[in-house]
Amino acid sequence: AQKITQTQPGMFVQEKEAVTLDCTYDTSDQSYGLFWYKQPSSGEMIFLIYQGSYDEQNATEGRYSLNFQKARKSANLVISASQLGDSAMYFCAMREYSSGNTPLVFGKGTRLSVIA
Amino acid sequence: DVKVTQSSRYLVKRTGEKVFLECVQDMDHENMFWYRQDPGLGLRLIYFSYDVKMKEKGDIPEGYSVSREKKERFSLILESASTNQTSMYLCASSLQGAGVSSYEQYFGPGTRLTVT
């Protein structure tokens with residue numbers, strides 16, 4: 001079963017508007033972490049934001065915020081005031097902590113296109 | 001700054017060739033990972049290593065092997081390359097957290113391998 005589901009293969013947003021990229025996850029662990037990465041056309045993976053399962057507040061990093069709804073097992077990325085440079089692939093990922101060292105498991109990604 | 005480097009950005013090999021993809025990190029990270037990225041499939045874990053000479057299979061290890069003789073270097077080996085191994089290969093590294101850890105994975109620039 002897929003652990004990370006990103007249901008939006010592609011999204012368009014007008015410059016300066018906010019956009020939400022969806023991510024749902026599946027785990028039976030109580031302790032886990034959720035990560036978002038950005039991959040521009042150049043190919044490098046850029047870490048954006050992290051949310052721990054025990055964090056009570058939603059994570060924020062500049063224009064990025066994570067809308068964490070634990071009961072619904074969702075961890076949506078919100079980008080405010082979109083810029084042309086936000087056009088990229090975005091990946092949601094999860095690490096489960098009960099088994100110790102575990103790698104990140106990634107979703108299939110969402111391609112965001114920002115329109116001028 | 002953490003740096004993860006990969007030996008080649010682009011590589012073209014023939015079917016049946018033995019292929020070595022090298023990855024080096026300069027931040028003394030314990031964990032290292034190899035992923036492959038294909039359109040519509042996201043990042044899939046091939047192998048990872050949490051210590052020198054240690055390796056763990058990921059989700060798609062078939063057709064691949066790895067070597068970690070030194071802490072900073074993690075090699076991915078395609079024993080006999082096949083056309084279905086044409087893909088983008090991403091190496092990553094991270095610190096080894098104890099328990100809940102927000103340590104992100106740092107990625108290299110990727111190697112785009114074409115097998116003809």
Side-chain angles (χ1 to χ4, degrees), chain A residues 1-10 21 23 25 27 29-55 59 61 64 66 68 88-111, chain B residues 1-6 8-10 23 29-51 54-61 66 74 87-113:
Chain A
Q2 246 184 319
K3 291 210 167 191
I4 297 285
T5 302
Q6 294 181 254
T7 55
Q8 307 151 315
L21 306 184
C23 173
Y25 58 91
T27 181
D29 275 19
Q30 295 301 308
S31 183
Y32 52 90
L34 297 152
F35 299 74
W36 277 92
Y37 281 81
K38 171 185 178 181
Q39 186 182 43
S41 56
S42 54
E44 78 265 36
M45 294 283 284
I46 302 166
F47 166 70
L48 295 177
I49 197 166
Y50 166 83
Q51 177 87 42
S53 58
Y54 292 118
D55 295 341
E61 289 287 348
Y64 304 108
L66 202 152
F68 182 46
M89 281 291 289
Y90 288 81
F91 291 98
C92 180
M94 177 175 67
R95 174 183 292 133
E96 294 165 314
Y97 297 118
S98 63
S99 308
N101 261 314
T102 58
L104 290 179
V105 174
F106 286 83
K108 294 183 179 181
T110 295
R111 183 172 296 282
Chain B
D1 260 2
V2 177
K3 201 157 205 184
V4 181
T5 56
Q6 295 183 229
S8 307
R9 288 301 303 267
Y10 299 94
C23 175
H29 284 172
E30 295 87 357
N31 298 338
M32 296 189 75
F33 313 87
W34 275 107
Y35 294 86
R36 68 176 277 177
Q37 181 180 5
D38 301 287
L41 297 179
L43 279 74
R44 293 179 293 165
L45 183 68
I46 306 172
Y47 268 97
F48 66 104
S49 168
Y50 52 86
D51 202 351
M54 305 298 285
K55 61 184 178 186
E56 296 278 347
K57 290 181 181 178
D59 298 317
I60 50 163
V66 290
F74 192 35
S87 186
M88 169 72 91
Y89 290 87
L90 291 164
C91 175
S93 72
S94 76
L95 286 168
Q96 195 169 86
V100 174
S101 149
S102 64
Y103 297 137
E104 75 260 35
Q105 290 178 191
Y106 294 85
F107 283 83
T111 295
R112 188 166 292 283
L113 173 68

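In the text below, chain A, chain B and the rest are named by the order of the sequence lines, each starting its count at 1. Hydrogens, waters and symmetry mates are skipped; everything else that's a heavy atom, side chains included, is used.
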Query - Polar side-chain atom of Gln6(A) near backbone of Cys92(A) as donor-acceptor pair, under 3.5 Å - result: yes

Quiz item: Is the Tyr103(B)-His29(B) ring centre distance short of 6.0 angstrom?
Solution: no

The interface call for Leu45(B) against chain A, heavy-atom contacts under 4.5 Å, is side chain

Cut-off 4.5 Å, heavy atoms of chain B, and the answer for Ser53(A) is neither

When the 4.5 angstrom heavy-atom criterion is applied to Gln51(A) and chain B, the contacting part is neither

Closest non-hydrogen atoms of Gln96(B) and Tyr50(B), given as atom of the first, atom of the second and distance, are NE2-O, 3.0 Å

Which of Arg44(B), Glu56(B), Arg112(B), Gln37(B) touches chain A most, by non-hydrogen pairs under 4.5 Å: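 With the most close heavy-atom pairs to chain A, the winner is Gln37(B).
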
Item to complete: To the nearest 0.5 Å, tell me how far Ile60(B) CD1 sits from Ser87(B) OG.
Response: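 Taking CD1 in Ile60(B) and OG in Ser87(B), the distance rounds to 7.5 Å.
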
> When only pairs under 4.5 Å are counted, which of Gln39(A), Glu44(A), Arg111(A), Met89(A) shares the most heavy-atom pairs with chain B?
Replying inline: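 Heavy-atom pair counts peak at Gln39(A).
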
Flag side-chain contact, heavy atom, 4.5 Å: Leu90(B) against Gln105(B): no

